[in-house]
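These notes are about the structure you will find just below.
Just so we're on the same page: letters track the sequence lines, and every chain starts at 1. Keep in mind it's a predicted model, so treat the numbers as computed, not measured.
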There are 4 protein chains.
Amino acid sequence: MSDAQSLLDSAKAWWSTDIIDIHPGKIGIRGYPIQDLIGKLTFPQMIWLMVRGDVPSKQQAQLLEAALVASVDHGPHAPSIAIARMAVTCGVDLNNAMASGINVLGDIHGGPGQQCMELYEQIAAAHDGTRELADVADDVLGGFIGAHGKIVPGFGHRFHPIDPRVEPLLGLVANAASQQVVSGHYAAIGRAVEAALRRRTNKPIPMNIDGVTAVIFCELGFPPPMGRGLFILSRSVGILAHAWEEMQNQHRIKGPMPKEIPYTYTGPRDRKLSDQ
Amino acid sequence: MSDAQSLLDSAKAWWSTDIIDIHPGKIGIRGYPIQDLIGKLTFPQMIWLMVRGDVPSKQQAQLLEAALVASVDHGPHAPSIAIARMAVTCGVDLNNAMASGINVLGDIHGGPGQQCMELYEQIAAAHDGTRELADVADDVLGGFIGAHGKIVPGFGHRFHPIDPRVEPLLGLVANAASQQVVSGHYAAIGRAVEAALRRRTNKPIPMNIDGVTAVIFCELGFPPPMGRGLFILSRSVGILAHAWEEMQNQHRIKGPMPKEIPYTYTGPRDRKLSDQ
Amino acid sequence: MSDAQSLLDSAKAWWSTDIIDIHPGKIGIRGYPIQDLIGKLTFPQMIWLMVRGDVPSKQQAQLLEAALVASVDHGPHAPSIAIARMAVTCGVDLNNAMASGINVLGDIHGGPGQQCMELYEQIAAAHDGTRELADVADDVLGGFIGAHGKIVPGFGHRFHPIDPRVEPLLGLVANAASQQVVSGHYAAIGRAVEAALRRRTNKPIPMNIDGVTAVIFCELGFPPPMGRGLFILSRSVGILAHAWEEMQNQHRIKGPMPKEIPYTYTGPRDRKLSDQ
Amino acid sequence: MSDAQSLLDSAKAWWSTDIIDIHPGKIGIRGYPIQDLIGKLTFPQMIWLMVRGDVPSKQQAQLLEAALVASVDHGPHAPSIAIARMAVTCGVDLNNAMASGINVLGDIHGGPGQQCMELYEQIAAAHDGTRELADVADDVLGGFIGAHGKIVPGFGHRFHPIDPRVEPLLGLVANAASQQVVSGHYAAIGRAVEAALRRRTNKPIPMNIDGVTAVIFCELGFPPPMGRGLFILSRSVGILAHAWEEMQNQHRIKGPMPKEIPYTYTGPRDRKLSDQ
């Protein structure tokens, strides 16, 4: 084989993928012709197929769908939303505004679902049948707090005493478990963490939206990084809706507060270069 | 009223929104308590509610859903996908990789659906009943090409002679029209543009994915900028799936081609500062 | 030549560039060995060399440098800065925070310098020696306002009655013109636009930072898109400094206003799905 | 004090900063009137002032400047550069293209300088005078490799056997040390790491651009995160230059390889939904 052929082969392999196969007039998604999927799969089923490679049942997809519906927005004061709204007033288009907003769904703003899934998986792995779940939760939670600090992702909310999205979602998980769509094991783990936190702190630190979507994503078999990925798909809807609402207002260069409200300058004053 | 109160009121108004109302323990989306929507609305219905303010019928949402399903991916050679794959090899997380990819869904890569919707709306506005649709399409298309150049968004494909996503989607539109879910008017307009292009160029330049999703979005009453916004929500799925696949490969600093294949340097050589 | 060789050649040509040539142990920038530039060129000279392909004189580079120094920051209420500060509190790193901020330096927030250069170049092209510059400025400005609206990029400021950055920079241009480093022609054009605006509106709308840096960039021969590009390089310094200051504060999920100040919800209330 | 006043005060304090003070007609940077800085400070001095709060000497700034000059570009195959070039072909503007590129200067692509500074600072802290620097370097390096893996940031290069940017920069450090501009201590630490790596591996793993700029930034007293921040300012120049070059080519939707070269599909084939 010539050197050219060898290099060309490495170029072809460089972008190899299991996801999509394209030829003129043909598009295969994970091995399915695209025309077989259009009108047949729901959008959540397509999300699942793309990320994981197989088509989920309708019931599995409905549970995923409920999580996607629940997380779309938490108001214009969330940095991801505020950023997208400010962006469109600076003369960029929706794709750019969405990108600047999605970009900040980082470890703190977009990562708690993923981190909570990691916590649940640690408990699941440690819960080998020799001990009560409550004891395992106490131990693993103690180690987690020792490693990561006292803010436990998925539990407590700085705004909502009770997160109104939690019970409806847990109800759907319970229903799915009763129909053997999921095991219900991670719902029990989530409840166990909640109880362990209360024992540890003597106050209620209830499960929040990240904690309950982490239950759902673990029940459905998604790996922890998808806790972030799926949240991004959901919150992108809110980012789009807010960017579009702001775009219609036609503000120009919208800052974080009205310009009549000054910010406080806290640095030195009246310096001269000659002072040096 | 004090000045402080007045400034505070302007601060409160600065981030006013029609989309979401939040109080401790309560989240209202477009006036609906979030707990009434979870498990009740499909994800496409939620997208519609967030962007437009009202809940669509199941049939309307299914047509939107088919369009969202159809556009998720067009392979790792698409810049948006390639960028996200390269990004994760540089040590950033999924939100950042998705942002860098989504950011490039600009006028050329993510805008044709929006531009095609604008073309369709121009034809719809000009088709006042006094002339045949074909004549109107010829005229408006001529003006559009004069203003924007010969690449007509939504028609023709540099890779697919026939885009396999078009007929299934048009079939769903026809079905929805037969049930009075949509009017079918924009499907007729899309077909009229296709025919006008053929008359104009003497060759087939068939409708592509952007042209057919533009039909659907117009049929459902979305404004043209949502052609871009909804496409972004769809393509984000592909961007996530590819970023995640690449992340599992654990490459480090993946460039566009294998490093064994050099690029060509085309500039000057062997210059010296003293030559100046 | 084999097909493989032909494809491989097209791969090599795909990323061809005039800017940089790299071989093991060798890096050439625009034809200069990198080791000849380090310690010899100033950073502004290197910016010029990279963007334009030749090394400017020290005097040219000093004028560019003054423009780069002048534009680094305009406070935390500028969206680009506020976005970067909010970003670091969301758990992303400096590169991501800077990206989200730089991304919004769009047509309105980062584009006025570029647009002003286009205006100046239109005047320069129309000023063919047959008419007074003032008359040409009146005409071109009239056309510009007709096409783009009454906000003339580079003139007037919503905050500063007189922009304190303008006179020092114009002084440097005058000095450079007196030494034949630049022609001074674009400084005259800028002043002519200022005078034409006053005649047109009967009030002072003085040159601002975008108008004066546009003078400098035009005097130095940069094309209009570099008005945006060079501004980005300058403002990136402010974005970095603010992101870094905020990072040291260790806030978590900083929104645009303190969470004690609510935003106003302006949408419908108390809707029920069953109302439909 | 009224509640409104109290809330307003918290709003004013929300965006407080030590960096910039703005009033109508006045801009103060770290306490200096902007007009005193324009034409007086070099761009590297301004970068230093913005990030650190004081004005460096010319000699300190020249050393910083050399590091900024050295890192501007490493060719179109670097993901940050390739991404920016692809971006402009998708119909976005220079600010967006630069943002997508800068965004990927993450832990692997943009972080080694920062990580290397952390390593140097660990050695500096451990080198308390009781032991030889070589022994300290051996120990700290061993711990570092144990914690982070065998790729030591700042040393070795997958492309250059000898990085041509290193010796000129070390020469400038030596010169600055001879004039008491810097201590030279971190240059010694860098050399000690290089020697320790050779002892450890029995092969040369020479200092690279990240290792030598880390020396300079540590010598000048920058904290490790600025290793990333300053690199971003430098590499932004290359990203801009390449984006601008590509923009002039007027390609549309440039993928990572010519479209004649297919990628390899490695997933399943010919699946049917009914197979489930």
Side-chain angles (χ1 to χ4, degrees), chain A residues 1-12 14 74-93 95-97 99-112 151 158-159 245 251-259 261-267, chain C residues 1-12 14 74-93 95-97 99-112 151 158-159 245 251-259 261-267:
Chain A
M1 189 170 61
S2 74
D3 278 358
Q5 186 62 49
S6 167
L7 285 171
L8 184 62
D9 288 347
S10 73
K12 289 178 181 176
W14 191 244
H74 201 259
H77 279 188
S80 52
I81 301 288
I83 286 170
R85 294 190 74 125
M86 291 162 75
V88 291
T89 72
C90 297
V92 301
D93 221 317
N95 51 305
N96 310 122
S100 274
I102 289 167
N103 202 33
V104 307
L105 297 173
D107 286 347
I108 299 175
H109 191 21
I151 296 176
R158 59 181 190 167
F159 191 81
E245 184 182 53
H251 285 170
R252 290 172 66 88
I253 310 188
K254 177 178 184 151
M257 298 199 292
K259 67 175 189 283
I261 303 179
Y263 66 88
T264 309
Y265 174 65
T266 47
Chain C
M1 189 172 61
S2 74
D3 278 357
Q5 185 62 49
S6 166
L7 286 171
L8 184 62
D9 288 347
S10 73
K12 290 178 180 177
W14 192 243
H74 201 259
H77 279 188
S80 52
I81 301 288
I83 286 171
R85 294 191 74 124
M86 292 162 74
V88 291
T89 73
C90 296
V92 300
D93 220 316
N95 51 304
N96 310 123
S100 274
I102 288 168
N103 201 33
V104 307
L105 297 173
D107 286 347
I108 299 175
H109 191 21
I151 297 176
R158 59 182 189 166
F159 191 80
E245 184 182 53
H251 285 170
R252 289 173 65 87
I253 311 189
K254 175 178 184 151
M257 298 198 293
K259 66 174 190 281
I261 302 179
Y263 66 88
T264 309
Y265 174 65
T266 47

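Side-chain atoms of A:N103 come within 3.5 Å of backbone atoms of C:N96 as a donor-acceptor pair (strictly under, hydrogens ignored).
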> So A:R85 and A:T89, side chain to side chain contact (heavy atoms under 4.5 Å, CB included) or not? Walk me through it.
Replying inline: CA-CA 7 Å; A:R85 294 190 74 125; A:T89 72; over 6 Å; no
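By the side-chain hydrogen bond (donor to acceptor under 3.5 Å, both in side chains) test, C:T266 is found to be paired with B:D18, residues two or more places apart in sequence or in another chain being considered. Residues that satisfy the side chain to side chain contact (heavy atoms under 4.5 Å, CB included) test with C:I108, not counting sequence neighbours, are A:R252, A:I253.
Counting heavy-atom pairs closer than 4.5 Å to chain A, the top residue among C:G255, C:A78, C:G101, C:G111 is C:G255. The choice from A:C90, A:G110, A:A99 that makes the most heavy-atom pairs within less than 4.5 Å of chain C is A:C90. Put simply, of C:I102, C:I83, C:V92, the one with the most heavy-atom pairs under 4.5 Å next to chain A is C:I83. When the candidates C:S100, C:G75, C:A87, C:P262 are compared by the number of heavy-atom contacts under 4.5 Å with chain A, C:S100 comes out ahead.
Looking at heavy atoms from C-beta onward, C:P256 lies in side-chain contact with C:M86 at the 4.5 angstrom threshold.
In this structure, chain C has no heavy atom under 4.5 Å from any part of A:A11. Within the 4.5 angstrom heavy-atom criterion, only backbone atoms of A:I261 (N, CA, C, O) approach chain C.
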